[in-house]
Participant: 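Pasting a structure here, questions to come.
For the single chain, residues carry numbers from 1 onward in sequence order.
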Amino acid sequence: MKKLIFFVALIMFFSSCLTPEENYCDKDIYRYLTVRSIMSVGGNTTIWTDNRNYLSTDGGNKWSKTTRAFRYLYSYVIHDSQIVASTEKGILTSLDGGLSWTGPVIGAPLGISTIINIGETYFVFGYDLYRSVLYRSMDRGMNWSVLSSNLPDNSYTYGSSITVLDSQIFVCRNGEVYSSKNLGVSWLELTLAISDTFVLESVLAIGNYLFAINYKIDLTERDMFMSADSGKTWALTGSKLGFHRFLSIGAEIYLFNFCGELLKFNGENWDFIGKPYERCEHPAFCVIGTNILVGTDDRGLFYSADSGKTWASKNNGFPLVSDCDR
């Protein structure tokens, strides 16, 4: 019996000394931290990485480590000087450009993504078990109530997204697009000419356009429709572009595709503008005035002052760390 116990203990000891292959790292290899989110408000630009935050007060020329109130920034809106952000902790607010945060707001939804506002009225999708639920706040994010009962087909929801254009709300849920002109009290279903082999995934307003993104049922393709008349008519634009992340500079509309290429909307389709770096990945990014700041997985930060035609690194104060410390 004693020999058996000794043998088991010996196995446990040597097992604890083994390093699993998936956790292996090389302490002699140095990379930049992975940038997850970027926010720029009132001269303060904040970067979220996996383990720490960095702040720049000069447009990204120099970075310094700063305090961390939450790990993931999903989206945010600004009304007057107040930031209302959706995070993994729920709804948080800031009155000083993101230097400090209060919250989470009690009763606000969790597991949330995009947040939008029309004046002091805010909307966001939260998640309740297997459903996404639409919430509304009439007091700048301080108190929230469920609004999903006003939407058609509230039984099961996937692919929920929400956007606003000219004080009109648009949501995508269960593969359909609905619009509301009265702050979510009533909704109208919009018609999109999409084949049965595609499923509508999300809808987004940017500039004066609506974009509806759909994917093929076998996940091999993504196509996109656009509307210039608030969803009355739709036209195909941008076939097989892959993952889309939109931004605007003035009246110009851009997107990053799956491989990190920046494309510009020409009113009908998309023209290639440039690429911050060679690797194929979809970056975190932020518009600072008329400039674009991009964060990568391990190549650091890149900056463009000419709407994406040329790029330069912006890593002063943003650290290279050992592969084992990332």
Participant: Set out, in order, the CA-CA distance, both residues' side-chain angles and the distance that settles side-chain contact (heavy atoms from CB on, under 4.5 Å) for Y135 and V146, then state yes or no.
Facilitator: CA-CA 5 Å; Y135 290 80; V146 175; 3.6 Å; yes

Participant: Supply the atom-to-atom distance Y74 OH to E88 CD, rounded to the nearest 0.5 angstrom.
Facilitator: 5.5 Å

Participant: Decide yes or no for W311 and L262: does some side-chain heavy atom of the first lie under 4.5 Å from some side-chain heavy atom of the second?
Facilitator: yes

Participant: Using 0.5 Å steps for rounding, measure from the CD1 atom of I47 to the OG atom of S40.
Facilitator: 10.5 Å

Participant: Which pair of heavy atoms, one from W144 and one from A108, lies closest together, and at what distance?
Facilitator: CD1-CB, 3.6 Å

Participant: My understanding is that a hydrophobic cluster links ILVMFWY residues whose side chain heavy atoms are under 4.5 Å apart, including indirect links. Using that, what else belongs to the cluster containing I78?
Facilitator: M39, V41, W48, F70, L73, Y76, I83, L92, W101

Participant: Could you walk me through whether N315 and L320 pass side-chain contact (heavy atoms from CB on, under 4.5 Å), step by step?
Facilitator: CA-CA 9 Å; N315 296 310; L320 279 168; over 6 Å; no

Participant: Is the backbone N or O of M138 less than 3.5 Å from a side-chain atom of T121, with the two atoms forming a donor-acceptor pair by type?
Facilitator: no

Participant: How many angstroms lie between CZ in R71 and OG1 in T49, if you round to the nearest 0.5 Å?
Facilitator: 9.0 Å

Participant: Applying the 4.5 Å side-chain criterion to the ILVMFWY set and letting contacts propagate, would L55 and Y72 be lumped into a single cluster?
Facilitator: no

Participant: Within this structure, what is the CG-CG distance for the pair N44 and L99, rounded to the nearest 0.5 Å?
Facilitator: 4.5 Å

Participant: Taking all non-hydrogen atoms of both residues, which atom of K309 and which atom of I273 are closest, and how far apart?
Facilitator: N-CG2, 3.9 Å

Participant: Hey, could you give me the OG1/CZ distance between T237 and F225, rounded to the nearest 0.5 Å?
Facilitator: 10.5 Å

Participant: Donor-acceptor check, side chain of R245 to backbone of F256, threshold 3.5 angstrom: yes or no?
Facilitator: no

Participant: How are the rings of F265 and W270 set relative to one another: parallel (under 30°), tilted (30 to 60°) or perpendicular (over 60°)?
Facilitator: tilted

Participant: Is there side-chain contact between Y32 and T296, with heavy atoms separated by less than 4.5 Å?
Facilitator: no

Participant: Among F285, Y209, F211, whose ring pair (Phe, Tyr, Trp, His ring centres under 6.0 Å) with F246 holds?
Facilitator: F211

Participant: Does a side-chain heavy-atom distance below 4.5 Å link L95 with T102?
Facilitator: no

Participant: Which pair of heavy atoms, one from W234 and one from A212, lies closest together, and at what distance?
Facilitator: CZ3-CB, 3.7 Å

Participant: Side chains of R140 and T93: does their closest heavy-atom pair fall under 4.5 Å?
Facilitator: no

Participant: Of the non-hydrogen atoms in L301 and F318, which two are nearest, and what is the gap between them?
Facilitator: CD1-CG, 3.9 Å

Participant: Could you walk me through whether Q168 and L188 pass the side-chain contact (heavy atoms from CB on, under 4.5 Å) test, one step at a time?
Facilitator: CA-CA 11 Å; Q168 185 174 355; L188 175 68; over 6 Å; no

Participant: Given side chains that start at C-beta, do those of V84 and N117 come closer than 4.5 Å, heavy atoms only?
Facilitator: no

Participant: Is there a path from I118 to F125 through hydrophobic residues (I, L, V, M, F, W, Y) whose side chains come within less than 4.5 Å of each other?
Facilitator: yes

Participant: Whether the D96 and S94 side chains hold a donor-acceptor pair (N or O, under 3.5 Å, no angle test) is what I'd like checked.
Facilitator: yes

Participant: Under 3.5 Å, is there a donor on one side chain and an acceptor on the other for S304 and D306?
Facilitator: yes

Participant: Will you find, in the side chains of N61 and K314, an N or O donor that is under 3.5 Å from an N or O acceptor?
Facilitator: yes

Participant: Looking at residues at least two apart in the chain, or sitting in another chain, which of them share a side chain to side chain donor-acceptor pair (under 3.5 Å) with N266?
Facilitator: D271

Participant: Do T114 and S75 get their side chains close enough for a donor-acceptor pair, meaning under 3.5 Å?
Facilitator: no

Participant: To the nearest 0.5 angstrom, please state how far the OG1 atom of T290 sits from the CD1 atom of I249.
Facilitator: 7.0 Å

Participant: Among I169, V177, N182, find the one that has a side chain to side chain contact (heavy atoms under 4.5 Å, CB included) with W187.
Facilitator: I169

Participant: Which atoms form the tightest heavy-atom contact between S161 and V203, and what is the distance?
Facilitator: OG-N, 3.0 Å

Participant: Could you work out, with salt bridge (charged side-chain N to carboxylate O under 4.0 Å, His left out) as the rule, every residue matching K264, not counting sequence neighbours?
Facilitator: E252

Participant: side-chain contact (heavy atoms from CB on, under 4.5 Å), that's the test. Do I91 and I115 meet it? Break it down for me.
Facilitator: CA-CA 9 Å; I91 300 290; I115 183 171; 4.0 Å; yes

Participant: Is Y277 reachable from I292 through a run of hydrophobic residues whose side-chain heavy atoms are each under 4.5 Å from the next?
Facilitator: yes

Participant: Hydrophobic cluster membership, with links at side-chain heavy-atom distances under 4.5 Å among I/L/V/M/F/W/Y: are V294 and V287 in one?
Facilitator: yes

Participant: Closest approach of S137 and N143, non-hydrogen atoms and distance?
Facilitator: OG-O, 2.8 Å

